[in-house]
Visitor: 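My structure is below; once you've seen it, I'll send some questions.
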Protein chains: 2
Amino acid sequence: MAPYDPSAHPPFAVTVDLVVLTVRRHTLCALAVRRGEPPYQGRWALPGGFVRPDEDLMEAACRELAEETGLRAQPPASTAAAGPSGPYGTDGAHLEQLATYGDPKRDPRMRVVSVAYLVLAPDLPAPRAGGDARSARWAPVTDLLRGEEGTDDEQRAPLAFDHALILADGVERARSKIEYSSLATAFCPSEFTVGELRRVYEAVWGVALDPRNFHRKVTGTPGFLVPAGGTTTRQGGRPAQLFRAGGATLLNPPMLRPEV
Amino acid sequence: MAPYDPSAHPPFAVTVDLVVLTVRRHTLCALAVRRGEPPYQGRWALPGGFVRPDEDLMEAACRELAEETGLRAQPPASTAAAGPSGPYGTDGAHLEQLATYGDPKRDPRMRVVSVAYLVLAPDLPAPRAGGDARSARWAPVTDLLRGEEGTDDEQRAPLAFDHALILADGVERARSKIEYSSLATAFCPSEFTVGELRRVYEAVWGVALDPRNFHRKVTGTPGFLVPAGGTTTRQGGRPAQLFRAGGATLLNPPMLRPEV
DNA sequence: GTTTTTATCGTCAGGCAGACGACTATGATC
DNA sequence: GATCATAGTCGTCTGCCTGACGATAAAAAC
């Protein structure tokens with residue numbers, strides 16, 4: 001480390017940005033908020049905000065998540081406040097650090113370093129608009145990521161700042177992580193069927209999976225699913241068994257993503 | 001994002017810390033430097049330093065890496081200066097963002113947010129002491145991580161700050177990443193034998209692998225290795241073919257890490 | 001020359017995934 | 001109520017890959 005010189009610290013602002021993903025209507029969606037002030041006024045952006053002076057990064061992410069979605073997110077009492085080690089459950093949603101973005105020009109106002117967090121949530125009620133009357137919406141990630149083509153529809157404008165890059169990184173993380181972990185259950189309500197879980201994989205990966213092989217795989221992996229007791233017919237067709245997420249977090253061998 | 005208020009930015013300092021890993025004498029080692037000033041004066045720490053006002057995070061990491069190891073590391077001209085997307089090759093070494101640590105109490109002097117980078121390097125010559133005469137050394141990660149037991153030997157003192165946590169996260173990242181990528185070749189010189197590559201896996205994972213099955217796996221995976229033409233006998237025994245890292249970056253199916 | 005060391009090729013059995021057939025149990029429709 | 005459409009669940013078969021391990025090859029050490 002360079003010799004310590006207190007005057008040597010340029011003024012950095014530190015923010016957290018959230019990539020909040022969910023699956024709605026068989027589509028992978030992300031939470032977007034409309035910016036109320038410059039720069040990028042009126043454009044869609046990822047939710048986020050400044051980290052407070054005495055707040056841990058994950059604490060700040062939890063706070064922003066609660067403000068935007070109403071998901072209760074109390075920081076873990078004492079465990080590893082600093083590190084990214086270990087995901088952190090918030091009311092069934094999954095939260096983990098994604099990456100940090102610090103291009104000197106990423107914010108025209110000043111030097112901002114942003115720590116992005118990834119949240120995987122079950123299908124939530126309509127997003128809360130937040131106290132400051134900003135509008136928020138769930139948007140398919142494909143729409144948010146190909147906002148480049150200029151179009152009259154302001155819903156199609158590219159995301160503010162470098163948020164398209166952050167979102168793309170978050171989506172890629174989610175896609176690869178459900179391969180070798182049981183994280184896909186974070187997209188499901190507390191009780192769900194094998195078919196619902198399969199539709200999560202299909203939406204996140206954008207592929208069709210064989211229902212029979214999928215069923216064999218997830219029910220055959222110890223600790224992945226535990227029977228919840230009942231059945232449901234909410235998807236139509238023959239009643240399906242309800243399951244809860246089991247204790248296992250790592251899938252070994254992993255769920256194989258079909259080659260495109 | 002919260003309404004913009006320029007007065008609302010607490011003074012954050014942003015640093016980069018480096019987890020530089022290599023394999024020496026069949027052991028996974030990390031680069032450690034001795035701190036020359038308080039806090040934690042005299043203790044071992046990860047190399048790192050403050051990010052400069054107009055410097056991208058990865059640029060800062062490259063600069064620190066060059067200062068500490070002499071590895072030439074010029075930032076990519078224009079590509080994705082901000083994101084963590086895509087590793088970045090530096091003279092054969094691999095550099096990628098690891099995670100960001102921002103516990104308000106992690107540095108007693110002030111609020112410091114540190115972005116950690118992971119570097120995988122081939123066995124280098126002795127580390128450069130650096131212009132400011134600090135000492136640096138390669139230490140087995142097991143020694144650095146179990147420095148907790150109080151002992152007279154100052155080489156055994158725990159790492160400064162939260163660097164033990166950062167190092168542990170970096171080691172875990174490396175362990176899991178060589179499973180499904182060809183990154184293990186970053187620990188090797190430009191030409192290497194299958195046996196040398198196997199010893200990298202054995203050192204990083206701390207297990208013994210079957211030489212025959214390993215040979216079949218790596219030579220049978222298209223794009224992983226390309227013959228370099230010659231043979232060498234530097235490891236003793238029968239001469240072994242020399243290989244170079246192939247273009248493939250992802251291993252599919254992955255190299256399986258034996259269950260403990 | 002014999003031993004030691006490392007590299008490399010083969011063989012074999014078991015596990016798992018992909019492809020797909022068959023059957024079951026509901027609601028919707030005629 | 002019969003039929004159809006929709007989902008869910010159980011099996012079968014084949015091929016690929018892995019782990020275990022035998023066997024051979026080519027050098028250095030003794």
Side-chain angles (χ1 to χ4, degrees), chain A residues 25-26 178-180 188 191-203 205 207-244 248 250-260, chain B residues 25-26 178-180 188 191-203 205 207-244 248 250-260:
Chain A
R25 283 176 278 110
H26 297 194
I178 64 173
E179 265 185 286
Y180 57 89
C188 295
E191 296 193 351
F192 53 89
T193 70
V194 172
E196 288 163 349
L197 183 62
R198 175 168 49 81
R199 271 169 228 111
V200 164
Y201 275 90
E202 293 179 332
W205 285 344
V207 298
L209 300 175
D210 185 288
R212 298 156 291 190
N213 293 336
F214 183 88
H215 189 276
R216 179 182 59 193
K217 174 69 177 171
V218 297
T219 57
T221 300
F224 193 1
L225 301 181
V226 296
T231 63
T232 183
T233 175
R234 60 183 171 227
Q235 299 290 340
R238 170 176 162 180
Q241 272 190 277
L242 284 169
F243 291 91
R244 240 185 279 276
L250 253 51
L251 252 47
N252 208 325
M255 177 92 59
L256 294 181
R257 170 161 33 164
E259 334 259 328
V260 180
Chain B
R25 282 176 279 110
H26 298 193
I178 64 174
E179 264 185 287
Y180 58 89
C188 296
E191 296 193 350
F192 53 88
T193 70
V194 173
E196 289 164 346
L197 183 62
R198 175 169 48 82
R199 271 170 226 111
V200 164
Y201 275 92
E202 292 178 333
W205 284 344
V207 298
L209 299 176
D210 184 287
R212 298 156 292 188
N213 293 336
F214 183 86
H215 189 277
R216 178 182 59 192
K217 173 71 176 172
V218 296
T219 58
T221 300
F224 192 2
L225 300 180
V226 296
T231 63
T232 183
T233 175
R234 61 183 169 226
Q235 298 292 338
R238 171 176 165 181
Q241 268 191 280
L242 285 169
F243 292 90
R244 240 184 278 276
L250 253 51
L251 286 185
N252 206 328
M255 177 93 55
L256 294 181
R257 168 160 34 162
E259 331 263 330
V260 180

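Lettering follows sequence order; numbering is per chain, from 1. Given the structure is predicted, the values throughout are model-derived calculations rather than measurements.
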Visitor: Checking side chain to side chain contact (heavy atoms under 4.5 Å, CB included) for the pair Val200(B)/Ile178(B): CA distance, chi angles, key distance, verdict?
Guide: CA-CA 10 Å; Val200(B) 164; Ile178(B) 64 174; 5.6 Å; no
Visitor: How many Å lie between CG on Leu242(B) and C1' on dA7(C), as a whole number?
Guide: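 Interatomic distance, CG of Leu242(B) to C1' of dA7(C): 13 Å.
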Visitor: If you take atom types as modelled and just measure distance, does the side chain of Arg212(A) reach the base of dG11(D) with a donor-acceptor pair under 3.5 Å?
Guide: no
Visitor: Kindly point out which of dT18(D), dA17(C), dT8(C) is positioned nearest to the side chain of Leu256(B)?
Guide: dT18(D)
Visitor: I would like to know whether Trp205(B) and Glu179(B) meet side chain to side chain contact (heavy atoms under 4.5 Å, CB included); could you show each step before the answer?
Guide: CA-CA 10 Å; Trp205(B) 284 344; Glu179(B) 264 185 287; 3.3 Å; yes
Visitor: Locate the shortest heavy-atom distance separating Phe214(A) from Val194(A); write the atom from each residue and the value.
Guide: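 Phe214(A) and Val194(A) have their closest heavy atoms at CE2-O, 3.6 Å.
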Visitor: Nearest whole Å is fine: how far is dA26(D) C1' from Gln235(B) CD?
Guide: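 One finds 15 Å between C1' of dA26(D) and CD of Gln235(B), rounded.
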Visitor: Are any of His215(B)'s side-chain N or O atoms less than 4.0 Å away from OP1 or OP2 of dA7(C)?
Guide: no
Visitor: How many whole angstroms separate atom CZ of Arg234(B) from atom P of dA7(C)?
Guide: 11 Å
Visitor: dT24(C) P sits how many Å from Gln241(A) CD, rounded?
Guide: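 Whole-Å distance recorded here is 17 Å.
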Visitor: Has Lys217(A) got a side-chain N or O lying under 4.0 Å from the OP1 or OP2 atom of dA17(C)?
Guide: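 Looking at the OP1 and OP2 atoms of dA17(C), one of them is under 4.0 Å from a side-chain N or O of Lys217(A).
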Visitor: Please name the pair of heavy atoms, one in Pro253(B) and one in Lys217(B), separated by the smallest distance, quoted to 0.1 Å.
Guide: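 Nearest heavy atoms, Pro253(B) then Lys217(B): O-NZ, 2.8 Å.
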Visitor: Mark yes or no for a side-chain to base donor-acceptor pair under 3.5 Å between Arg238(A) and dG27(C), with no hydrogen or angle criteria applied.
Guide: no
Visitor: Grab the CD-C1' distance between Glu179(B) and dT18(D) for me, whole Å please.
Guide: 14 Å
Visitor: If you only use heavy atoms from C-beta on, which nucleotide in dT12(D), dA7(C), dA23(D) is closest to the side chain of Arg199(B)?
Guide: dA7(C)
Visitor: Atom CG of Asn213(A) and atom P of dG15(D): how far apart are they, to the nearest Å?
Guide: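 Going from Asn213(A) (CG) to dG15(D) (P), I get 16 Å.
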Visitor: Among dA27(D), dG8(D), dG18(C), find the nucleotide with the atom closest to the side chain of Pro239(B).
Guide: dA27(D)
Visitor: Can you measure Phe214(B) atom CZ to dT6(C) atom P for me and round it to whole angstrom units?
Guide: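 These atoms are roughly 16 Å apart.
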Visitor: Checking all strands, does Arg198(B) fall into the base, sugar-phosphate, or nothing category for heavy-atom contacts under 4.0 angstrom?
Guide: sugar-phosphate
Visitor: If you assign each of Gly237(A) and Arg216(A) to its closest nucleotide in DNA chain D, which residue comes earlier from the 5' end?
Guide: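 Nearer the 5' end of the strand: Gly237(A).
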Visitor: To the nearest Å, how far apart are Asp210(A) CG and dC10(D) P?
Guide: 14 Å
Visitor: Where do Phe192(A) and Leu225(A) land on the side chain to side chain contact (heavy atoms under 4.5 Å, CB included) test, with the steps shown first?
Guide: CA-CA 10 Å; Phe192(A) 53 89; Leu225(A) 301 181; 3.7 Å; yes
